[in-house]
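The next block holds one structure in the form of structure tokens; read it before the comments.
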Amino acid sequence: MDSAVSELLEDEEQLQPWQTDRSRAPIATKIVVAGGFGVGKTTLVTAVSEIQPLQTEALMTQASAETDDLSGTPGKTTTTVAMDFGRITLDDDLVLYLFGTPGQQRFWFMWDDLVRGAIGAVVLADTRRLSDCFPALDYFESCGLPYIVAVNHFDGSEEFAVADVREALTVPSHIPVLIMDARQRISAIESLLALVGHALDATPE
């Protein structure tokens, strides 16, 4: 019995304030994580999600050999064919729902549905393949959704200054650009917070 009570108390200590006080409903927001093929979208969602993330990973086969360029990601064996989904609860009763987009062009038709209702997007970039994030940048510019650029640093890749990345991608000065590591939870969370702040600044009162 003592063990059961102890476990119950531990569970209550882990609860968020809004879970014990029903008058405090959390603010739920939707964020999209986009970018080119193999840039780290699934990795970011997995790194920060407090729930078991929903992933739609499928094994890559010879059928896609002519359409998927693996020169920059030779060790990649799976790909997202629909979306990634995760959730993270931040301070001030803020809950973020994360939706990772598929990277290949043949799945871009899904983006309109995934973006609907989002407050903003994190566009991941790989300095070895910067041109792969141009479609995502163009998409969010055209639909007017606030976004930031997060350069995912891969092992063995050359490090560049933020100013150089901004110039190479011709990103406007008011758009945040940062360097991060999608494998590191703290780094990924900082990127999400940067987007939330930018979305608040960009949204008219």
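All values below were derived from every heavy atom in this structure, side-chain atoms included, with hydrogens, water molecules and symmetry-related copies excluded. Being a predicted model, the structure only gives us computed values, none of them experimental.
Rounded to the nearest 0.5 angstrom, L98 CG and S49 OG are separated by 7.0 Å. Once rounded to the nearest 0.5 Å, the distance linking CG of D84 with OG1 of T42 reads 3.5 Å. To the nearest 0.5 Å, the span separating OG1 on T101 from CG on D113 amounts to 12.5 Å. How far OG1 of T127 is from CD1 of I179: 8.0 Å, rounded to the nearest 0.5 Å. Between atom CG of residue D164 and atom CD of residue E158 there is a gap of 9.5 Å, rounded to the nearest 0.5 Å. The line from OG1 of T29 to CG of L96 is 4.0 Å long, rounded to the nearest 0.5 Å.
Residues L178 and V149 have side chains not in contact (no heavy-atom distance under 4.5 Å, counting atoms from C-beta outward). Under the 4.5 Å side-chain criterion, counting only non-hydrogen atoms from C-beta, L114 is in contact with P102.
By the side-chain contact (heavy atoms from CB on, under 4.5 Å) test, Y97 pairs with A28, F85, R87, V95, F99, sequence neighbours left out. Remark: A188 pairs with L44, V48, M180 by the side-chain contact (heavy atoms from CB on, under 4.5 Å) rule, at least two apart or across chains. Partners of L195 according to the side-chain contact (heavy atoms from CB on, under 4.5 Å) rule, which considers only residues two or more places apart in sequence or in another chain, are I31, V122, I148. Every residue two or more places apart in sequence or in another chain that forms a side chain to side chain donor-acceptor pair (under 3.5 Å) with E141 is listed here: Y147. Annotation: side chain to side chain donor-acceptor pair (under 3.5 Å) contacts of H153 (sequence neighbours excluded): S157.
Smallest separation of non-hydrogen atoms from K30 and G117: CB-O, 3.9 Å. Of all non-hydrogen atoms in F140 and A121, the two that sit nearest each other are CZ-CB, 3.5 Å. Across all non-hydrogen atoms, the minimal contact from F154 to R128 is CG-NH2, 3.3 Å.
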Worksheet entry | side chain to side chain contact (heavy atoms under 4.5 Å, CB included) between D126 and N152, intermediate numbers included | CA-CA 6 Å; D126 180 351; N152 188 14; 6.0 Å; no

Discussion item. Could you go through C133 and V39, starting from their C-alpha distance and side-chain angles, then the distance that decides it, and tell me whether this counts as side chain to side chain contact (heavy atoms under 4.5 Å, CB included)?
Written reply: CA-CA 9 Å; C133 70; V39 78; over 6 Å; no

Practice prompt. Apply side chain to side chain donor-acceptor pair (under 3.5 Å) to T89 and E50, showing your working.
Written response: CA-CA 8 Å; T89 303; E50 64 193 16; 2.7 Å; yes

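Under the 4.5 Å side-chain contact rule for hydrophobic residues, L124 and I186 do not share a cluster.
Residue pairs that meet the salt bridge (Lys or Arg N to Asp or Glu O under 4.0 Å) test with at least one member in residues 167-193, sequence neighbours left out, are D155-R183, D181-R183.
In this pair, W111 and Y139 present their aromatic rings perpendicular. The plane angle is above 60°, beyond the 30 to 60° band.
K41 places no side-chain N or O within 3.5 Å of a backbone atom of V123 that could act as its donor or acceptor partner.
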